[in-house]
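Structure, as C-alpha cells:
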Amino acid sequence: MLEYILGFLLIWFLCWWMRDKLRVGKVSDKYVFITGCDTGFGNLAAKILDVGGFRVLAGCLTEEGAQNLRKETSSRLKTIPLDITKSDSIENAADLIKMEVGKRGLWGLINNAGIAGILCPTDWLQIEHFRRPIEVNLLGPIEMTLKLLPLIKKARGRIVNVSSVLGRLSLTGGGYFPSKFGMEAFNDSLRRDMKHFGIKVSCIEPGIFVTKLTDCSLQHHEKQDIWSHLPPDVKKQYGEDYLIQYTRQEKLVKKLSSTDLSQVVWCMEHALTAKYPRTRYSAGFDAKLLWIPMTYLPTFATDYLLAQDIVIDSNAV
C-alpha cells in the first residue's frame, strides 16, 4: 500500500513540475510596470526583466534612483516618477503608462514598493508610526492597482503583489505587520475577482533579505530614539535591559538575512512568464524552514518561541 502512495505522490510531483515549467510566448511586446525601483528587489527586477526582453516601466521615487537605473539598462526601459503615497502622483504615473502601452495594454504590474517603518512594542508608538507603512505598503498599491486594472484587463495580464512572510506572523508593534496582513487579504480578494477576466494574481512572501528595509543599524537607532522619549513609568515597566534583549533579536535577524535578492526576483519573473503561475511564492530558506512553519504551530507555541530573549520586568508593571 505504501508503494502505491509513494508512486502516486511521485507522479503527482512530476506532473506539477512539468506544468510549472511551461512558459508563455515571446515577451518582447509585453509591458511590465514595477513600483519601488530605486533600490532593492524592484531595482534588480527591472534590470533582469529588461535583459529578459520585457518592456519595463520602472516607478522611481527619486530622480537619482531613476538616473542610476537608466545607466544600467537598455533603451527599452522607461522610468516613471512615482510617490506611492500621493494620489496625484499615482494618477500621473497611470496616464504615462497608458500612453506608453497603447492598445496592447499592461501585461504585468508588480506592487513592490515598501518600507518597514519603526518596529517597537505597541505602547511605545504613536498613530503616525502605523499610518506611514500602511500608506506605502497597502493603500498605495491598492490605489495603483485600481488605476491600472483597465490596462491589465486589456492584456489579460498578471498582477504580482510583494507581501512578506511577516504578513502571516507579526513579531512586534508598528505599521509594517498590519500593512502586510492587509496586503495578503487584498491579494486574495483580487485574485478571486480577476479570475473571471483571465488575469492571474500572485503573492510573493519573501523572508528576510539585506535591503534598506531591513537595515538593523537604522532600526536600532530609531528604537533608541523612541526609548529616550518614553515616559519614565513606561521605561520602568520594561526595564533598562529591554533594549539589550532587543539587540539580540536584531543580531538573529542579521544572521538570517540573505544577500541573494535574485531569489525574490526569480519569483517575480516566474509569476510573469509561467503559463500557470503559482498563487503564492516563498523566497528564502528562513521563510520556508522557519517563519511559515511557525504559522502552523498552536498559538501558544508560536508566542513562546517569539518571546525568547525578550523579558519584561513584570514586577515593575
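Along the sequence shown, the residues carry numbers beginning at 1.
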Taking side chain as C-beta onward, heavy atoms only, is T302 less than 4.5 Å from T295? no
Does V27 reach the side chain of W107, with side-chain heavy atoms less than 4.5 Å apart? no
Any side-chain to backbone donor/acceptor pair from T62 onto G65? Under 3.5 Å, distance only. yes
Following the transitive rule for hydrophobic clusters with a side-chain heavy-atom cut-off under 4.5 Å over Ile, Leu, Val, Met, Phe, Trp and Tyr, establish whether F181 and F130 coincide in one cluster. no
pair N43-K47: side-chain heavy atoms closer than 4.5 Å: yes
K195 atom NZ, neighbour heavy-atom count above 12 within 6.0 Å: no
Are Y238 and W227, when compared by the centres of their aromatic rings, separated by less than 6.0 Å? no
Could you pull out the closest heavy-atom pair between Y176 and A116, with the gap in Å? CB-O, 3.2 Å
Minimum-distance pair of heavy atoms, taken over all atoms of R76 and F54: NE-O, 3.5 Å
Using links of under 4.5 Å between side-chain heavy atoms of ILVMFWY residues, direct or through other members, which residues join L61 in one cluster? none
Under-4.0 Å salt bridge between R280 and E184: yes
If we only count heavy atoms from C-beta on, is the I80 to C60 side-chain gap below 4.5 Å? no
Without swapping roles, check the side chain of K288 against the backbone of S282 for a donor-acceptor pair under 3.5 Å. yes
Between A46 and A58, the two heavy atoms sitting closest are CB-CB, 4.5 Å
Short question: side chain of K30, backbone of K26 - any donor-acceptor pair under 3.5 Å? yes
Assess the residue pair N161 and S163 against the criterion (side-chain hydrogen bond (donor to acceptor under 3.5 Å, both in side chains)); give the C-alpha distance rounded to whole Å, side-chain angles, the decisive distance to 0.1 Å, and a yes or no. CA-CA 6 Å; N161 293 313; S163 179; over 6 Å; no
Charged N to carboxylate O below 4.0 Å: is that the case for R70 and E63? yes
Taking every non-hydrogen atom, the tightest pair across D38 and G59: OD1-O, 4.4 Å
Are side-chain heavy atoms of M183 and N137 found at a separation under 4.5 Å? no
For R278, I'd like to know if atom CZ has over 12 heavy atoms of other residues, nucleotides or ligands within 6.0 Å. yes
Assess, by modelled atom type and distance only, whether the side chains of D260 and S262 contain a donor and an acceptor separated by less than 3.5 Å. yes
Keeping H229 on the side-chain end and I226 on the backbone end, is there a donor-acceptor pair under 3.5 Å? no
Would you say the side chain of I34 lies within less than 4.5 Å of the side chain of V56, judging by non-hydrogen atoms? yes
If you measure from the Lys or Arg side-chain nitrogens to the Asp or Glu carboxylate oxygens, is any gap between D188 and R191 under 4.0 Å? yes
Would you say S179's side chain and I134's backbone share a donor-acceptor pair under 3.5 angstrom? no
Taking all heavy atoms of E100 and all of L57, pick out the closest pair and write down the distance. CG-CD2, 3.7 Å
Side-chain polar contacts of residues 141-158 - donor-acceptor pairs under 3.5 angstrom, sequence neighbours left out - could you list them?
from : atom 1 : to   : atom 2 : distance (Å)
E143 : OE1    : S87  : OG     : 3.2
E143 : OE2    : S87  : OG     : 2.8
T145 : OG1    : N111 : ND2    : 3.0
T145 : OG1    : P141 : O      : 2.7
K147 : NZ     : E91  : OE1    : 2.7
R156 : NH1    : F197 : O      : 3.3
R158 : NH1    : A271 : O      : 2.9
R158 : NH1    : A274 : O      : 2.9
R158 : NH2    : A274 : O      : 2.9

Report yes if some heavy atom in the side chain of C120 is under 4.5 Å from a heavy atom in the side chain of T172; otherwise report no. no
Okay, side chain of T35, backbone of A113: is any donor-acceptor separation there less than 3.5 Å? yes
For N187 and C203 the tightest heavy-atom approach is ND2-CB, 3.3 Å
